[in-house]
Peer 1: 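Have a look at the structure that comes next, please.
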Amino acid sequence: MVLAFESVLFGVCQMDQIGPIDLALGSHTPIYQQLFDAIAGRIENGALAPGARLPPTRRLAVRLGTHRNTVVRAYRALEDAGFVVSTVGRGTFVESAPPQKPRLPGAPALRRESGPGGVAWAGLFSEVSEVESEQRRHFIKLTRAGGDRIDLARHQPSADLLPAELFQRCLDHVLRSLGPRTLGYAPRAGVPRLRECIAEDLTRLGVSTCAQDVQVTSGSQQALDVLVRMLVDPGEHVLVDATTYAGAIGVFRAAGARLIPVATDEEGPSLSALERLSRSGAKFFYLMPNCHNPTGRVISTRRRQQLVAWSRRSGIALIEDDYTSDLNLDEVEPPPPLRALDGDVIYVGTYSKKLIPALRLGYVVGPAAIHERFEALKHSMDLGSSLLLQYGLAEFLERGYLRAHLKRIVPEYRRRRDALAAGLAATLGNALPVRLSSHGVVSWIELPDALPPDRVFERALERGVLVGPSNLNRSGDLSEQGIRLTCCAEPAARLREGGQRLGTLLLELLESESGEQAARPLEVI
Ligand code: PMP
C-alpha cells in the first residue's frame with residue numbers, strides 16, 4: 001500500500017513544491033525512515049530551501065495516515081543529522097547549511113556497503129530509549145551552547161565549593177594504607193566502614209538506623225532505578241507529584257512504569273487526590289519532603305503524618321528522596337523524615353549535593369523485607385559501586401571533614417540565595433510569587449498562564465541568564481507552572497545580577513502580557 005502526501009500548506013513552504021511523499025507500508029524500511037529519506041532528499045536537492053518550515057507533526061501525521069510519533073521520530077532523526085533545527089513553540093525549520101559529516105584529518109572514511117543489508121539502527125531502539133522529551137533535548141542543546149551566561153539552572157556546586165584537596169588527602173591515605181585492597185570489586189551492600197558512617201549521619205538526621213540496614217548505591221539516581229525495577233513491572237503505575245524531579249520521570253519511564261500525577265497544595269501532596277488514588281494499583285508514591293525539586297516546597301509536619309497514615313491504609317509504599325539533607329540554609333530543622341514516622345518508608349539519600357557529585361555515592365534505607373531483593377538487583381545492574389571512592393568517602397566522614405565542609409558551604413549558599421533574592425526584589429519587586437530555598441539550593445518563581453515557562457527560558461537566555469523551565473518537570477496534567485532557580489553554581493555577585501536581569505525581564509513580560517498580572521500584591525511563598 002502506498003500513501004501519497006501532497007499540497008500541505010505550512011509556513012513559507014508548500015508541499016506541492018516538493019511533490020508527493022510516497023510511503024510504502026509493509027516495506028522493510030520503517031515508515032519514519034522513509035519519511036526521513038523523503039524530506040532529507042528534498043533538502044539535498046534544494047526543493048526545500050534553507051529556513052523553510054516543516055509542517056507541524058500532528059498535521060503531517062494526519063495527512064499521511066500515520067502515527068504522530070512516527071513523524072516526531074523522523075523530525076528528530078533529521079535534526080540529529082543536521083538537516084533541520086527545531087525550536088520549542090515555533091516549529092521545525094530547514095537548516096541554513098547542509099549537514100557536514102565531520103571526519104578527523106587523515107582518518108579513513110567509514111565504508112558503507114552499497115546494496116541491501118546492514119543494521120537499521122533506528123528501527124532497533126526500544127520504546128523506553130526515548131525517555132528524553134523533545135523539550136528536554138532542546139533545553140540541553142541551548143544550555144550547552146557557549147557564551148557567558150549567569151547560570152541559575154545548574155544544580156551542582158561551583159568548583160570553589162568542592163573539597164578537592166581534602167578529598168585528595170583521604171584518597172591518598174586509603175591508597176597508601178590499604179593499597180590494592182581498595183582496587184577490587186566492592187561488597188554488594190557497600191563498604192562496611194561507609195555504611196557505619198552513613199548510619200551515624202542518618203541517626204543525627206532523625207532516621208535511626210544501623211549499618212546493616214544501609215545499602216550503598218551509585219548516586220541516589222541509581223537508588224531510584226533499582227527501586228522502580230524492584231517494585232514495578234512494565235506497564236504498572238507509580239504516583240509522582242504532578243511537577244517533579246525530571247530525573248525521576250526519566251528513570252521511572254525507562255523502567256516501563258506509567259506515571260500518575262498527584263496534585264499539590266501548600267502543605268504538600270494533596271490528600272484528597274491521594275485518597276482518590278488509593279485503589280489505583282500504584283506500587284509507590286515518590287516524593288521529596290524537604291526540598292521539592294523544582295518547587296522548593298517543604299512538606300508540613302501534619303501532611304507528613306497524613307501521608308504515612310494514607311500509605312498504611314492504601315498499602316502504597318512511600319519513597320522519600322532526601323537529596324538535600326544537611327543543607328539547612330536558615331538553620332531551621334526540617335520536620336521529621338517520613339522514615340522516622342513509619343518503618344515501611346524507603347528512604348533515599350546522596351552525597352552529591354552536600355559534598356561531591358562525582359563520587360556517585362548514595363544510599364537506601366528501607367524495611368528488612370526489601371534488603372535481599374534490592375541488594376541482588378543492584379548487584380546484577382552494576383557489580384558494585386566504586387570500592388576506591390567508598391573507602392575515600394568513609395575516610396572523609398570518619399575524619400569529620402563533612403561537618404567542616406558543611407560549616408563552609410551552608411553559610412555560603414545562604415549568602416548566594418540572599419544575593420539572588422535581593423537581585424529579584426530590586427527589579428521584580430512583588431509582582432510574582434517567589435519561594436526561596438530553605439533546605440537546599442532550589443528557589444521557585446510561580447508563573448501565570450500568560451507566561452509559559454519555556455518562553456521565559458528562551459527570553460532569559462537572550463539576556464544571558466539560564467533558568468530551569470518547569471516544562472521539564474511535568475509528569476502529566478495538573479502540573480505547576482514556574483521556573484526553578486538554583487543558587488549553587490555562581491558566586492553571589494553574579495547571582496544578584498542574574499536575579500536583577502530576570503526580574504526586569506519578567507516584569508516586562510508581565511506588563512506586555514497583561515497589566516492586571518503586574519499589579520498582583522506580594523505573596524512570598
Ligand atoms: N533526586 C533529586 C531530587 C535530584 O535533584 C537529583 C540530582 N539532581 C538526584 C536525586 C540524583 O542525584 P545523585 O544521583 O547525584 O545522587
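Note: hydrogens, waters and symmetry copies are ignored here, and every other heavy atom, side chains too, is used. Because the structure is a prediction, the values reported are computed rather than measured. Read the numbers this way: they start at 1 and go in the same order the structure lists the ligands and their atoms.
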Peer 1: Using a strict 4.0 Å cut-off to heavy atoms of Gly219, name the atoms of ligand 1 that fall inside it.
Peer 2: 14 (O), 16 (O)
Peer 1: Compute both the distance and the angle, then confirm whether Lys354 meets the cation-pi test with Tyr351: under 6.0 Å from the six-membered ring centre, within 45 degrees of the axis.
Peer 2: yes
Peer 1: Got a salt bridge between Arg297 and Glu480, using NZ or NE/NH1/NH2 to carboxylate O under 4.0 Å?
Peer 2: yes
Peer 1: Is it the side chain (CB and beyond), the backbone, both or neither of Ser352 that lies under 4.0 Å from ligand 1, heavy atoms counted?
Peer 2: side chain
Peer 1: Among all the protein's non-hydrogen atoms, which is closest to atom 14 (O) of ligand 1, and how far away is it?
Peer 2: Arg360 NH2, 2.8 Å
Peer 1: Side chains of Asn473 and Tyr245 only: does a donor on one sit below 3.5 Å from an acceptor on the other?
Peer 2: no
Peer 1: Quick one: look up the protein heavy atom nearest atom 10 (C) of ligand 1 and list residue, atom name and how far away it is.
Peer 2: Ser220 OG, 3.3 Å
Peer 1: Looking at His155, which atoms of ligand 1 are within less than 4.0 Å of one of its heavy atoms?
Peer 2: 5 (O), 8 (N)
Peer 1: Go through ligand 1 atom by atom and flag the ones less than 4.0 Å from a non-hydrogen atom of Thr350.
Peer 2: 13 (P), 16 (O)
Peer 1: Indicate yes or no: does an N/O atom of Asn293 lie under 3.5 Å from an N/O atom of ligand 1?
Peer 2: yes
Peer 1: Find all atoms of ligand 1 within a distance of less than 4.0 Å from any non-hydrogen atom belonging to Met288, and give their numbers and elements.
Peer 2: 3 (C)
Peer 1: Between Asp342 and Arg313, does any side-chain N to carboxylate O distance fall below 4.0 Å?
Peer 2: no
Peer 1: Under a 3.5 Å cutoff, is there a donor and acceptor pairing between the side chains of Ser158 and Asp160?
Peer 2: yes
Peer 1: What part of Gln221 sits under 4.0 Å from ligand 1 if we count only heavy atoms: the side chain, the backbone, both or neither?
Peer 2: both
Peer 1: Taking a cutoff of less than 4.0 Å between a non-hydrogen atom of the residue and any ligand atom, is Gln222 in contact with ligand 1?
Peer 2: no
Peer 1: Give me the nearest non-hydrogen protein atom to atom 1 (N) of ligand 1 as residue plus atom name, then the distance to 0.1 Å.
Peer 2: Asp321 OD2, 2.6 Å
Peer 1: Which one holds for Lys353 and ligand 1: side chain close, backbone close, both close, or neither close, with close meaning a heavy atom under 4.0 Å?
Peer 2: side chain
Peer 1: Just checking, any donor-acceptor pair under 3.5 angstrom between side chains of His439 and Asn328?
Peer 2: yes
Peer 1: Looking at residues at least two apart in the chain, or sitting in another chain, which of them share a side chain to side chain contact (heavy atoms under 4.5 Å, CB included) with Glu375?
Peer 2: Arg188, Ala189, Gln215
Peer 1: In terms of residue, atom name and distance, what is the protein heavy atom nearest to atom 9 (C) of ligand 1?
Peer 2: Tyr245 OH, 3.3 Å
Peer 1: Start with the C-alpha distance between Lys378 and Ser385, add both sets of side-chain angles, then the distance that settles side chain to side chain donor-acceptor pair (under 3.5 Å), and finish with yes or no.
Peer 2: CA-CA 9 Å; Lys378 193 264 183 203; Ser385 305; 2.7 Å; yes
Peer 1: Identify whether the distance between the nearest side-chain nitrogen and carboxylate oxygen of Arg339 and Glu320 falls below 4.0 Å.
Peer 2: no
